[in-house]
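Provided herewith is a single structure, encoded as structure tokens, for subsequent inquiry.
These numbers come from the heavy atoms of this one structure, side chains and all, not from hydrogens, waters or symmetry mates. We number each residue from 1, following the sequence as shown.
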Amino acid sequence: KQRGKANYVRYHGGMELPVVGHARLGGELRRGLDAGEFFVVYQPIIELATGRVVGVEALVRWQHPTRGLVSPAEFIPAAEGTGLIVPLGRFVMRETCRQTAAWLAEFGPDALHKAGPNVSVRQLHDPDFLDDVRRILDETGLPAERVVLELTESAVLRGPQVLSTLHRLHEMGIRLALDDFGTGESSLSLLRAFPASIVKLDKSFVDGIEIGQEGTAEAAARQAVARAVIQMAGALGLDTVAEGIENQEQADRLQTLGYTLGQGYHLARPMPAEDFTRLLARQTGVAAAA
Ligand code: C2E
Ligand code: MG
Ligand code: MG
Ligand code: MG
């Protein structure tokens, strides 16, 4: 009898846990957002040939009072599921634009070219999204040309309404990057319909790429994808960024293939704003304000 009950509970729990988990996390997210527990870290995008910072990706973090630091992989799906990604994304966008405007004011217009957050498809469906972006640019004084929004291919495939929003952003001067490129249902026609300026080669094609021609078939296949992506990007006039570079051999191999920009732990980890300020101070030779 007891075992029957336990089985029932396990079955029931298994069926409901994801939903209950999302709902519970949703409440926690709302509370955490109101309590100011979210913050933004910044990962440099680096010119491979020189090591210079040319841009930055903004990534959200949650400092939870009892769970500690929670990774976005855990809470972004719940935030998307509950709609809280809209206010959370707005917070990340405002914070990133405010911080980038401050860096440009402190270190000059050449300190870095572009900065930006990831944007979920749920945000693109929000009728206020474009107005929110305009208001944030207005309030922070950051020129639209400085902003890159990172989107995944699946987001871009969501039909005419989203595509029209993306065209409006492009007309404002905002740049769009296709994130995790090569993992979704990429097609040439999609890339041509979508006003992207940048493709980010997914880390899965960078992993093991340094093993080279004489290495495994798997490594050779990744190299073939990396080569195809850069050729296609070149033909369409798009910039490329290689993601998830973890050693110098990968950086070298990617450069040989024609990649000029990269991102990854080997180059720099995501860091708090204060650390990025110090990095820019070193690079520009301008003393950072205390
Ligand atoms: P993503 O946009 O592809 O971001 C890159 C992820 O790879 C980041 O993880 C970054 O910390 C990690 N990474 C960078 N270099 C390396 C490396 O060399 N090795 C490894 N193993 N990882 C590296 P993070 O910050 O945990 O974010 C994970 C994903 O969560 C992001 O993937 C993005 O899809 C999503 N995300 C993060 N912040 C936001 C946000 O503010 N809004 C939305 N909508 N999504 C976000
Ligand atoms: Mg990204
Ligand atoms: Mg990415
Ligand atoms: Mg990725």
Side-chain angles (χ1 to χ4, degrees), residues 13 16-44 55-106 112 115-142 146-152 155 165 174 179 263 265 268-280 288-290:
E16 292 224 336
L17 211 90
V19 178
V20 171
H22 268 199
R24 195 173 293 151
L25 203 53
E28 270 295 286
L29 282 163
R30 178 79 258 175
R31 188 202 51 72
L33 199 53
D34 293 339
E37 289 167 8
F38 290 89
F39 64 103
V40 179
V41 292
Y42 298 89
Q43 187 176 30
V56 65
E57 174 172 7
L59 297 158
V60 72
R61 294 289 181 268
W62 185 9
Q63 187 65 57
H64 189 278
T66 55
R67 297 177 196 218
L69 196 61
V70 188
S71 106
E74 281 180 61
F75 66 79
I76 291 288
E80 288 172 338
T82 56
L84 272 168
I85 193 68
V86 170
L88 180 62
R90 197 187 296 124
F91 162 76
V92 174
M93 180 103 63
R94 178 175 288 117
E95 193 53 25
T96 304
C97 292
R98 187 195 61 70
Q99 184 61 73
T100 304
W103 282 325
L104 292 172
E106 187 170 1
L112 81 165
N118 296 279
V119 172
S120 295
V121 66
R122 183 71 194 262
Q123 293 172 265
L124 297 174
H125 278 296
D126 179 53
D128 296 329
F129 183 72
L130 285 168
D131 283 341
D132 285 345
V133 172
R134 281 195 202 93
R135 188 175 319 110
I136 289 169
L137 293 178
D138 219 51
E139 282 169 9
T140 61
L142 186 68
R146 298 292 191 160
V147 178
V148 182
L149 303 182
E150 298 197 3
L151 313 154
T152 58
T165 300
I174 289 174
D179 207 352
Q263 194 178 347
Y265 292 170
R269 289 193 174 247
M271 59 184 87
E274 310 80 70
D275 292 356
F276 197 81
T277 302
R278 273 190 284 275
L279 188 64
L280 288 179

TODO: Can you measure from NE2 (H64) to CG (L25) and round to the nearest 0.5 angstrom?
DONE: 8.0 Å
- [ ] Decide side chain to side chain contact (heavy atoms under 4.5 Å, CB included) for L280 and E106; before the verdict, give the C-alpha distance in whole Å, the side-chain angles of both, and the deciding distance to 0.1 Å.
- [x] CA-CA 9 Å; L280 288 179; E106 187 170 1; over 6 Å; no
Task: CG on L69 to CD on E74, rounded to 0.5 Å - done: 9.5 Å
Task: Nearest non-hydrogen partners of L112 and L104, listed with the distance - done: O-CD2, 3.6 Å
Task: D128 side chain near V86 side chain, heavy-atom distance below 4.5 Å - done: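 No, side chains not in contact.
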Task: Residues D132, R135: salt bridge by 4.0 Å N-O rule - done: yes
Task: Gap separating the CD1 atom of I85 from the CG atom of L29, nearest 0.5 angstrom - done: 9.0 Å
Task: Candidates T140, V40, L149 - the one meeting side-chain contact (heavy atoms from CB on, under 4.5 Å) with M93 - done: L149
Open item on the list: So, using salt bridge (Lys or Arg N to Asp or Glu O under 4.0 Å) as the criterion, who are the partners of E37 when residues are at least two apart?
Closed with: R31
Task: Shortest non-hydrogen separation from L88 to A79 and the atoms involved - done: CD2-CB, 4.3 Å
TODO: Please report the closest heavy-atom contact between A58 and Y42, naming both atoms and the distance.
DONE: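 Taking A58 first and Y42 second, the nearest heavy atoms are CB-CE2, 4.2 Å.
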Open item on the list: To check you understand the geometry: which heavy-atom pair defines the closest contact between W103 and A273, and what is its length?
Closed with: CZ2-O, 3.6 Å
Task: Close side-chain approach of V41 and R269, heavy atoms under 4.5 Å - done: no
Open item on the list: Nearest 0.5 angstrom please: T100 OG1 to F276 CZ, how far?
Closed with: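 T100 OG1 to F276 CZ: 8.0 Å, rounded to 0.5 Å.
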Open item on the list: Check the orientation of W62 and F75. Use parallel for under 30°, tilted for 30 to 60°, and perpendicular for over 60°.
Closed with: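 Judged by the thresholds at 30° and 60°, the geometry between W62 and F75 is perpendicular.
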Open item on the list: For a 4.5 angstrom cut-off between non-hydrogen side-chain atoms, does P87 reach R30?
Closed with: yes
Open item on the list: Are I76 and N118 packed together at the side-chain level, in the sense that at least one heavy-atom pair is separated by less than 4.5 angstrom?
Closed with: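 I76 does not reach N118 side chain to side chain.
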TODO: Can you see which heavy atom on P44 is nearest to which on L279, and at what distance?
DONE: CG-CD2, 3.8 Å
Task: Minimum side-chain heavy-atom gap R61-P72 below 4.5 Å - done: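 Contact flag for R61/P72 side chains = yes.
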Task: Distance, nearest 0.5 Å, that separates CD of Q99 from CG of L142 - done: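 Going from CD on Q99 over to CG on L142, the span is 11.0 Å.
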Open item on the list: On a heavy-atom basis, which atom in F38 and which in L33 lie closest, and how many Å separate them?
Closed with: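 For F38 versus L33, the nearest heavy atoms are CE1-N, 3.6 Å.
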Open item on the list: If you apply the rule salt bridge (charged side-chain N to carboxylate O under 4.0 Å, His left out), what do you find for R122 with D126, and how did you get there?
Closed with: CA-CA 7 Å; R122 183 71 194 262; D126 179 53; over 6 Å; no
Open item on the list: As an exercise, state the distance from CD of Q123 to CG of L151, rounded to the nearest 0.5 Å.
Closed with: 9.5 Å
- [ ] Just jot down the salt bridge (Lys or Arg N to Asp or Glu O under 4.0 Å) partners of R94, sequence neighbours excluded, or say none.
- [x]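 Per chain and number, R94 pairs via salt bridge (Lys or Arg N to Asp or Glu O under 4.0 Å) with E139.
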